[in-house]
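Numbers restart at 1 for each chain; the letters A, B, ... are given by sequence-line order, proteins then strands.
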Amino acid sequence: MRALLTLTLVLGLVAVGAAPARAQDAEALRREMEQMRKQFEAMQEQYKKTMENMTDRIQRLETQPQPTAAPPTPATPGRENGLVQAAPGSPPYTGPSPLDLVKPREPFALYERRGAGQLLFDMGVTGDFIGNLTQSNVEKNQGGSFSGLENLFFPREVELSFFGQIDPYARAEVRVETGKDSRGGDLTVNLAEAHLTLMTLPFGTQLRMGRVRNRFGLLNELHSHDRPFIDDPNVLVQFFGREGLRESGFEATWVPDLPFYVQLLGGVFNGENEVAFGRNTLRHPLATGRLRTFFDLGDFGAIQLGSSIAAGQTPEQKQSNIIGFDMKYKYTPTGWQRALFTAYGEYLISLRRALVSDSDGNNNEERRRDRQGFYVGADVRPFAHGELSKWLLGFRYDWTQYPVNPGQEWAVGPFIAYYPSEFLRFRLGYKHTERTNCCSYFNFADNGGSARRVDELFLQATFILGAHPTHPF
Amino acid sequence: MRRILLFMLAAAAVWGSLDVSVVRAADKLRVVASITDLKALTEAVGGALVEVDSLARSTQNAHDLEARPSLMIKVRRADALVLNGLDLDDWADVVAQGANNPNVIVGAPGRIDASRGILVLEVPRTRIDRSMGDVHPSGNPHYTLDPGMAAPVTQNILEGLARLAPQHRAAFERNRQQFLARLDEAMSRWNKLLEPYKGAPVIVNHNMWVYFLTRFGLTQAGSIEERPGIPPGPSHLVKLVNQMKENRVKVIVAEPWGDLKLVQRVAQEAGAQPAVLASSVGAFKGTDTYIDWVDSNVKMLAQALK
């Protein structure tokens, strides 16, 4: 008991003695906490300011254009990366001068359009396969639309294309193609096109040079797989041959500053086309010209009208001129991604002098041959949306004289097309042809038989892999 | 032959010297925008100092426009071409080429890419090919539908215009700030209007509304187009309708050029409401300015979500 009392007393004394000390500790603790609070508030304030600064900086950076590739040392004052930079107070940019064009320059920052690891140009592959069925006498005489390839399934055109900007001033396009030309022959690889276009010439002019599909009429500049019909119109085949007009040389275009669209074109070429020209020398070149205009007809309709000329010489040094007129109309109402209705037509006149022999093949005489031909075609896509919008119906009517030999032919051909997507197409078509005389430029009747009445069934499959250049109207 | 060459050289020299002496008399910058949204934003920045036209009409699908010569005529005299970029308006390249106008070809100062520096959504992170439909390799290009993107887009436009007319930079900046202030004001109104529907699932017809929906906190739960640009198959539609019923999706957002009959049918099957919004500035009456356009879309969407 005594021990308990002693302990209580001791504890009481300790407690009484410790009270002032605890009060002092609490005061110190409060001061310390107050100090810490102030420090924390200062840190918080500092952090807030830092965050605000960073946010501002991020916002500024986000609203600024992204930096492009590291700019090299400016080649000349006022130029950076090959691009003209407008200086304060300077007049607006009006394109490079001829002096600029001849100066050596560095490639400019095409990288800005592309992510890392991407090519600086576009490339694509297209494949166009044809199957056709016709009468045996037509096959024997090679008198079908795909002469020499009757009753065969074959690759008509498999094409590898590269295209893009060379530098700020020019772009280029290269197309290499292969396809079957004859029944027993191997596939041959050809340079279909390879050209560059100078884009920044003054006064709305451009210059294209290299190997081109000439811009003559509507279809000549289009590759086979891009054409609106399975086979080529008879008048084009008769007047220019199966390859069409494909030449090496120069072609300049001018779009004058008018309220409506007019494009004028003039070209100088070798004259390699063996059917219409074939002189193949710049000393006696093939000269081409084209005038193209266009009008919108209301919100949904549009018409393009064109006129073309090609004047050159044949290997026999005889003058050969071909004049063409063309028309294309499209009607695309709201909701139709592709045209609901399209109509095409070309009319060609061939004016040439030719050496003509008598029935025995003797007495070559120079004669004038003025011949003509045309085609008209149309297609309709009846539905705007859904599965049915993938179907298209079309037809073409042909009439043409032969450019040198006597005689003419006409043909009519309906077709149906199915587009599972923009990059895949199947077409099924029928064509009936009648000829008054036997001899077109193919001389299909030389080995006996007539082939004057031809019925053909076509199947076409076309695909596009990768990039494909957009075609104008 | 020598005489021909000399003549050609002389002609080239005269042609070039004429070009150097060209003096531009026009007071206003002639600007062409590929789509009407960018036309509206360029007008907001350029004000009275610019004359703006657009290539695509407001009711057209800008993905695959035909490069008509009438568009080339618009670009023929342009000082600047404002492009959406991100592969939406690649056709504008063909237009620029056909216009024979060096001011706006690739790499020229008059070429303004409005997408530079923006935060692009749906950038493919895996290998893509066309079995996925008409996918955009650079990401979803429909950023103009998001009013929050107006700041960087107008900044790009400002930089482009100031590059051509540096003497007007201050005026362009003033116009831009005034426009952004008005937009901010409207933005708080729009946020308030769509606040109650935050997180709500929405189905779209074509995958072009993701920027707009994300800005206002809505969720894109699926699309009628299984793969962009390819009409959907029946199995996809059945799955979509079931998914909509399960997740109680109330609204299908569609664009005026889409297959509206199909949208209506799917909405009916799933017990949802179709909301046809203006996909571009000017697509509907009363949507002729950028702010009016967004305003109309926000109101229509809020109405459909009620």
Is it the backbone or the side chain of A:Phe295 that comes under 4.5 Å from a heavy atom of chain B, or both, or neither?
neither

Any non-hydrogen side-chain atom of A:Phe294 less than 4.5 Å from a side-chain atom of B:Ser70?
yes

Return the option, out of A:Arg292, A:Glu387, A:Glu422, with the maximum number of heavy-atom pairs under 4.5 Å with chain B.
A:Glu422

Given a strict heavy-atom distance threshold of 4.5 Å, which part of B:Arg169 is in contact with chain A: side chain, backbone, both, or neither?
neither

For B:Arg76 and A:Val255, indicate whether the former's side chain and the latter's backbone hold a donor-acceptor pair under 3.5 Å.
yes

Compare all side-chain heavy atoms of B:Asn101 with those of A:Gln206 and state whether any distance is below 4.5 angstrom.
no

Would you kindly check if the NZ (Lys) or CZ (Arg) of B:Arg130 is within the cone defined by 45 degrees around the ring axis of A:Phe423 and under 6.0 Å from the six-membered ring centre?
yes

Please determine which of B:Asp259, B:Leu260, B:Val263 meets the side-chain contact (heavy atoms from CB on, under 4.5 Å) test together with A:His385.
B:Asp259

Of A:Thr253, A:Asp257, A:Thr205, the residue whose pairing with B:Asn100 passes side-chain hydrogen bond (donor to acceptor under 3.5 Å, both in side chains)
A:Thr253

Chain A heavy atoms under 4.5 Å from B:Ile105: which part of the residue, side chain, backbone, both or neither?
side chain

Under a 4.5 Å heavy-atom cutoff, which of B:His63, B:Met72, B:Lys261 has the most pairs with chain A?
B:Met72

Between A:Gly386 and B:Pro231, which heavy-atom pair has the shortest distance, and what is it?
O-CG, 3.9 Å

Answer yes or no: are there more than 12 heavy-atom neighbours, outside A:Phe250 itself, under 6.0 Å from its atom CZ?
no

Side chain, backbone, both or neither: which part of B:Gln60 has an atom under 4.5 Å from a heavy atom of chain A?
neither

Side chain of B:Glu66, backbone of A:Gln337: donor and acceptor closer than 3.5 Å?
no

Enter the distance from B:Asn61:CG to A:Thr334:OG1 here, rounded to the nearest 0.5 Å.
12.0 Å

Looking at B:Arg57, B:Gln97, B:Lys74, which makes the most heavy-atom pairs under 4.5 Å with chain A?
B:Gln97

